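Below: the structure, in structure tokens.
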Amino acid sequence: MVDYQLRQREYLLEISRAMTSSLDLPSVLRMIIQYAVEMLRGQAGFIALRQEDGSFRVQASYGLHSGALPFFAPLLTGIPPWTDPVGWMIPDLETRLSMVAATLGLGLRQVVALPMVMQGELIGVIYVFRSRGGAFSANDRQVLASFADQAAIAVHNARLYQQVMEEKRLLSAIIENSADGIMILDRHCRIRVFNRALVKLTGWPAEEAIGQPCYRVLALRDRQGKDICRTRCPLMQPEGRLYVEGDIQRDGKAIAVGISYSPLYDDEGRLVSIIANVRDITAFREAEEMKSTFISIISHELKSPVALIKGYADTLRREDAHWDEKTLRESLDVIVEESDRLNQLIDNLLDASRLQAGALKLEFSYLRIDKLAEKEVEKFRTQSKEHLFAVDFPPDLPLVRGDSERLRQVLDNLLSNAIKYSPQGGLIKVGGWADEDWVYVYVSDEGIGIPKEEQERIFERFYRAESALTPRTRGAGLGLYLCKAVVEAHGGKIWVESEPGKGAKFIFKLPRV
Ligand code: ADP
């Protein structure tokens, strides 16, 4: 008996060792059923676990061919719930076994089945079968009960582990796929988790960033280039908001980000880790800047023509004064010119907002761009006395497919710029040529020109070159933005060739028919 108990203890010890090692649940259950059968001097046995739908399924067996297992299904029905621990038993088990044994030609005669219970719930049943010897004794049942307990713990642990792993996977997936940059720092501010959005934002590969202190990876700077991480890290200041804005550098470019930190503490109030949420706020900043530029330009651009119109109109209507014909004409000319300017500004504004909303519609037809240009030049010739105009197109310029009104608007903007930005006068030339694929049109002047570094930016919305910021050359910085949009909507391209002080040549190309 002592020997028997010793063996039982050894088996149980081995099982608990297996459970704490990295063995998987099926292997642990197999081990349990094998030892249980051996201890009870049985021939076979299995462990059936309760499924989500309430049915039971054999999960581990010993001494039985796997092909035989489905035949034991009748033993897995009629299992009562764990409501009456004292009277719990599966009815008619021996009869059912004898039928199964007869079908399979096995000599199994006795069966004992004990519940596996965890937190007051039946989670499985352990069965042991015997072909020889007497019925299972109370002692046998007690021995088996200890194995059933071990099996229940193993299943419970495995389920908990699975649950934790699933939650971890879910959390990792959420962090990894979040549109915001997320990193998790340990309490020394070393990076432990670095998600995909942050890899994209910072250009740091995750495997390189992990393990680094966060200030090395982010290296936040303020607008003046001062290191925020070292001087103003919100984590160093226990009081106040855990939020900071600054620029991170990627490929030599500054990206504005806003970072909020959430510290996590353990039950004793010790800092365990910090979750940092990093958001790209470049677009937000740009929109803010754009808004203020927009307001200042528009208010200025609207105000000056209105002031001029009102000034001249007020003067003309004075009852005590008589104006000669010349003054009258000149004043009215100013009023008309300024009204035209206002009108153009409003048109440009409307077009720009249509463009932004993606609602700029083109009406295509086949047209001769050289004829369109000649007509436009004629219109401008009468407007400026200081400038000389020339038109230079080859006689056989191919047709282009385009929206004549929109292309007229492009030429209009380029010509009025040519006049505006060559205040001392000079030659303004419009011409073109064609190659196999494209029809080219240019508008050149001999004015102030544009420095290289601004030649791309002048096509941006509201952008005005430094040299243009004089009281004489007014503008909202919308003309070229619209030109670019219209030309590109035709499948073409627009650019400028210029040197400061040596005039500018704007060229656009459209696909030839
Ligand atoms: P606006 O003329 O209203 O300022 P545009 O979009 O038409 O706006 O032009 C943007 C900027 O490009 C101008 O402010 C000016 O700095 C520059 N620019 C445009 N055309 C010329 C030109 N012909 N010569 C020199 N600078 C030009």
Side-chain angles (χ1 to χ4, degrees), residues 289-355 375-389 405 408-428 443 445-450 454 458 460-483 503-504 506:
E289 274 166 24
M290 190 83 89
K291 213 162 76 186
S292 61
T293 318
F294 174 81
I295 290 169
S296 70
I297 287 179
I298 294 312
S299 51
H300 178 254
E301 285 305 300
L302 286 176
K303 262 178 134 167
S304 27
V306 171
L308 277 169
I309 293 169
K310 180 159 167 40
Y312 276 89
D314 271 348
T315 317
L316 288 186
R317 76 162 188 181
R318 268 170 56 181
E319 281 171 10
D320 57 340
H322 284 285
W323 306 108
D324 59 54
E325 187 65 22
K326 187 168 168 272
T327 318
L328 208 61
R329 182 113 321 268
E330 277 172 4
S331 306
L332 287 172
D333 278 350
V334 172
I335 291 177
V336 169
E337 237 172 61
E338 292 301 312
S339 310
D340 281 347
R341 189 197 287 279
L342 261 183
N343 221 1
Q344 199 201 11
L345 179 65
I346 291 165
D347 280 348
N348 279 353
L349 273 177
L350 287 178
D351 283 342
S353 70
R354 267 187 214 121
L355 250 183
K375 248 173 60 196
E376 271 304 293
V377 170
E378 273 326 301
K379 193 178 97 190
F380 278 92
R381 229 189 267 278
T382 55
Q383 282 185 17
S384 170
K385 291 178 191 65
E386 295 91 45
H387 295 90
L388 214 64
F389 289 86
E405 180 47 35
R408 193 198 57 70
Q409 197 182 3
V410 170
L411 289 164
D412 201 289
N413 270 313
L414 295 180
L415 278 163
S416 57
N417 277 352
I419 294 172
K420 187 157 72 172
Y421 298 109
S422 52
Q424 71 283 38
L427 177 66
I428 292 175
V443 176
D445 62 57
E446 299 176 336
I448 60 174
I450 304 148
E454 293 190 283
I458 52 171
E460 288 173 15
R461 205 156 44 129
F462 300 129
Y463 190 84
R464 308 198 65 217
E466 212 57 57
S467 50
L469 304 178
T470 64
R472 289 193 56 195
T473 53
R474 290 153 41 187
L478 284 173
L480 290 180
Y481 168 70
L482 291 170
C483 289
F506 282 85

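Just so you know, these numbers come straight off a predicted model, no measurement behind them.
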Point to revise | Shortest non-hydrogen separation from G447 to S422 and the atoms involved | key: CA-CB, 3.3 Å

Check your understanding: So, H387 side chain and P423 main chain: donor-acceptor pair closer than 3.5 Å or not?
Key -> no

Review point. Roughly how far, to the nearest 0.5 Å, is the CD1 atom of I458 from the OH atom of Y481?
Key: 15.5 Å

Review point. Out of curiosity, E376 CD to L411 CG, how far, rounded to the nearest 0.5 Å?
Key: 6.0 Å

Check your understanding: What distance separates R461 CZ from N348 CG, expressed to the nearest 0.5 Å?
Key -> 13.0 Å

Practice item. Mind listing the closest non-hydrogen atom pair of A504 and I450 along with its distance? Key: CB-CD1, 4.2 Å

Revision key, fill the gap. Taken in chain and number order and not counting sequence neighbours, the residues that satisfy ring pair (Phe, Tyr, Trp, His ring centres under 6.0 Å) with F380 are none

**Study point:** Main-chain N/O of T327 paired with S331 side-chain donor or acceptor, under 3.5 Å
**Key:** yes

Revision key, fill the gap. dist T382:OG1 -> F389:CZ (nearest 0.5 Å) comes out at 8.5 Å

**Study point:** Carboxylate-amine/guanidinium proximity below 4.0 Å for E378 and R381
**Key:** yes

Practice item. Check the pair D351 / Q409 against side-chain hydrogen bond (donor to acceptor under 3.5 Å, both in side chains), numbers first and verdict last. Key: CA-CA 11 Å; D351 283 342; Q409 197 182 3; 2.8 Å; yes

Review point. Within a strict 4.5 Å, meaning less than it, do heavy atoms of the L414 and L480 side chains meet?
Key: yes

Review point. Any side-chain heavy atom of K379 sitting closer than 4.5 Å to one from L415?
Key: no

**Study point:** Distance in Å, R341 CZ paired with L302 CG, rounded so as to fall on 0.5 Å steps
**Key:** 11.5 Å

Exercise for review: Quick one: list whatever passes salt bridge (Lys or Arg N to Asp or Glu O under 4.0 Å) with K326, sequence neighbours left out.
Suggested key: E330

Could you pull out every donor-acceptor pair under 3.5 Å between side chains of residues 305-317 and any protein atom, sequence neighbours left out?
{"residue": "K310", "atom": "NZ", "partner": "D314", "partner atom": "OD2", "Å": "3.0"}
{"residue": "T315", "atom": "OG1", "partner": "G311", "partner atom": "O", "Å": "2.6"}

